[in-house]
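Note on naming: letters A, B, ... go to the chains in the order of the sequence lines (proteins, then strands), and numbering restarts at 1 for each one. Values below: all heavy atoms of this structure, side chains included; hydrogens, waters and symmetry mates excluded.
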Protein chains: 2
Amino acid sequence: MQRNLVVKQLLNGKNKHFTAEDLYDEMKFKKKNISLATIYNTLHSFVEKKILKLVSVKEGKAIFCTNMNNHYHFFNRKTGKLIDIPYEKIKIKNLPKPPKGTKIDNIEITINLNTKN
Amino acid sequence: MQRNLVVKQLLNGKNKHFTAEDLYDEMKFKKKNISLATIYNTLHSFVEKKILKLVSVKEGKAIFCTNMNNHYHFFNRKTGKLIDIPYEKIKIKNLPKPPKGTKIDNIEITINLNTKN
DNA sequence: ATTTGTGCAAATACTTTGCATTTTT
DNA sequence: AAAAATGCAAAGTATTTGCACAAAT
């Protein structure tokens, strides 16, 4: 059953952050038979079940994340990789009030990095 | 000349945030002849020239922005709309140090909103 | 036997590329 | 007449849909 292959790969993996295609390539490497469509569908069902987070979209690709704790990210444009920043590491003062009829769901912070000189 | 049509639409517009397709639809409505490819190419050339910002990607679509000041955003998932938050409105304490060999380019903050039941 | 879940080919959505044509120098 | 800019059809990616089949109730 293909859905279990995905679970297995996620559990064993150091894959904190990955795209659907990352997973697809790992599967191919391991000679497991699964289509990209199934990987997408599986990942999205996991997001609904709150097993995974869809953290953000960089360079046109959705990035999924196994760290379910509230946290922020560094993003290295050069390598295309995200690095977690624990929630406590960034403190925010003066949050603006949300517009009428809405409430804050969550706060995303991404610190974009460049290579030093 | 199609590139000027884009400029005109941007200037007259209350379009603080828009996708390439938003612009395409406005053009069609005004019976202006321009292809989506040209709109994409024009917008990206404006980003290079620092006339526009490519602010983020929501729901798989690139969102462009005419506000060139440093600022943050509310994002209303329900409506798909971004609302600017001026830079001074959010103060951050304790920024973590960037990883070795990198420096901070910029900080993106998105406050995701839900409808208040 | 009806409902729910699974897997993926095909369809769609978003964006970029390559190149013919026009404009500028 | 060479170089730069323009416009877009066609190509290229990323993702979702629709449906045949399987498993569970």
Within 6.0 angstrom of B:K103 NZ, more than 12 heavy atoms from elsewhere: yes
Short side-chain N/O contact from A:H44 to OP1 or OP2 of D:dT15, under 4.0 Å: no
Sugar-phosphate only, base, or nothing, as touched by A:A62 at under 4.0 Å among non-hydrogen atoms: sugar-phosphate
Candidate nucleotides D:dA14, C:dC14, D:dA9, ranked by approach to the side chain of B:A37 - the nearest: D:dA9
cation_pi(B:K91, B:Y87) dist<6.0 Å, angle<=45: yes
Nearest-Å distance for atom pair CD/C1', residues A:E21 and D:dT16: 15 Å
Protein-nucleotide distance (B:I34, atom CD1; D:dA9, atom C1'), rounded to Å: 15 Å
B:E48 CD to C:dT16 P, straight-line distance once rounded to whole Å: 11 Å
Transitive ILVMFWY side-chain link A:F75 to A:I90, under 4.5 Å: no
Between D:dG7 (P) and B:L23 (CG): distance, integer Å: 14 Å
Length of the line joining B:L36:CG and D:dT13:C1', which is rounded to integer Å: 15 Å
Between C1' of D:dT15 and CD of B:E59, the distance in whole Å: 14 Å
Separation of atom NZ in A:K61 from atom C1' in D:dG12, rounded to whole Å: 13 Å
Between A:N41 and A:T38, a side-chain donor and acceptor under 3.5 Å: no
Any side-chain donor near an acceptor of the partner, B:H17 and B:D84, under 3.5 Å: yes
Side chain of A:N41 (C-beta onward), nearest among D:dT17, C:dG18, D:dA14: D:dT17
Separation of atom CG in B:L43 from atom P in C:dT16, rounded to whole Å: 11 Å
Among D:dT15, D:dC8, C:dT16, the one nearest B:Y40 by side-chain distance: C:dT16
Any B:T38 side-chain nitrogen or oxygen under 4.0 Å from OP1 or OP2 of D:dG7: no
